[in-house]
Amino acid sequence: MFRLETEVDKDRRILLSERLQHSNTERSPELRALLTTPAEHELPLEIWAIDESGALAGGLSGRTWAYWLHVDLLWVDPLHRGSGLGSQLLAEAERRAEADRSCTRSRLETWGFQAPAFYRRRGYEVIGQVEDYPPGVTEFILTKAFS
């Protein structure tokens with residue numbers, strides 16, 4: 001018999017993550033092979049664009065792991081959209097991921113009303129989509145291979 005609990009519990013979440021990671025590594029020779037490489041650990045990667053007044057004009061927040069860059073967030077202030085700033089942020093993240101962390105590919109998710117065309121113009125390919133997530137919206141999953 002088990003008791004199910006629903007409260008948020010940071011310590012249990014950390015334990016759960018550790019146990020899943022251990023289980024996955026135990027079952028996967030590919031994950032075990034990462035254990036002795038620089039790509040073993042997930043590392044944050046953030047690029048910030050600050051305007052002349054010191055305000056945030058845009059930014060990219062992501063992470064690298066297993067020779068992949070995962071772009072989590074990319075935003076440009078409406079005042080600076082169309083200036084190429086988004087392209088600069090993305091290119092710098094890709095450059096750093098490839099040059100500094102030996103990443104070979106990148107992945108991200110974006111909604112249909114956001115920027116799938118922006119990413120396609122920068123070499124990303126749609127590899128999947130989730131309809132109605134959230135309701136009425138399509139989420140696109142895109143990847144890009146580095147040179």
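All of these numbers come straight from a predicted model, not from anything done at the bench.
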Taking the side chain from [X] and the backbone from [Y], do they hold a donor-acceptor pair closer than 3.5 Å?
X	Y	value
Trp111	Tyr133	yes
Arg107	Ile141	no
Thr25	Gln21	yes
Trp65	Glu40	yes

Evaluate whether atom NE2 of His41 has more than 12 neighbouring non-hydrogen atoms of other residues, nucleotides or ligands under 6.0 angstrom away.
no

Within a reach of under 6.0 Å around CD of Glu52, are more than 12 heavy atoms found that belong to other residues, nucleotides or ligands?
no

Contact between [X] and [Y] at the side-chain level, heavy atoms closer than 4.5 Å - yes or no?
X	Y	value
Thr138	Gln129	yes
Leu20	Leu16	no
Glu98	Ser147	yes

How close do [X] and [Y] get, heavy atom to heavy atom, and via which atoms?
X	Y	result
Pro38	Tyr67	CD-OH, 4.3 Å
Arg105	Ala145	CG-CA, 3.8 Å
Trp68	Ser106	CZ3-O, 3.5 Å
Gly59	Trp48	CA-CE3, 3.9 Å

Could you tell me the separation between the [atom1] atom of [X] and the [atom2] atom of [Y], rounded to the nearest 0.5 Å?
X	Y	atom1	atom2	value
Leu69	Leu90	CG	CG	8.0 Å
Ile14	Arg19	CD1	CZ	13.0 Å
Lys144	Ile127	NZ	CD1	15.0 Å
Asp51	Asp77	CG	CG	8.0 Å
Asp9	Arg13	CG	CZ	8.0 Å
Arg63	Arg101	CZ	CZ	12.5 Å

Going hydrophobic residue to hydrophobic residue with side-chain gaps under 4.5 angstrom, can you get from [X] over to [Y]?
X	Y	answer
Phe113	Val130	yes
Leu43	Leu34	no
Leu85	Tyr124	yes

Are Arg81 and Trp75 close enough, and set up right, to give a side-chain contact (heavy atoms from CB on, under 4.5 Å), and what steps lead you there?
CA-CA 9 Å; Arg81 290 183 187 156; Trp75 174 83; 3.3 Å; yes

For the side-chain contact (heavy atoms from CB on, under 4.5 Å) test, which of Leu89, Ile47, Leu108 pairs with Leu74?
Leu89

Less than 4.0 Å between a side-chain N and a carboxylate O, is that true for Glu94 and Arg122?
no

Give the C-alpha distance, both sets of side-chain angles, the deciding distance and a yes or no for side-chain contact (heavy atoms from CB on, under 4.5 Å) between Glu92 and Leu60.
CA-CA 9 Å; Glu92 181 64 9; Leu60 181 147; over 6 Å; no

Going through the checks in order, is the side-chain contact (heavy atoms from CB on, under 4.5 Å) test met by Phe118 and Thr110?
CA-CA 10 Å; Phe118 168 83; Thr110 190; over 6 Å; no

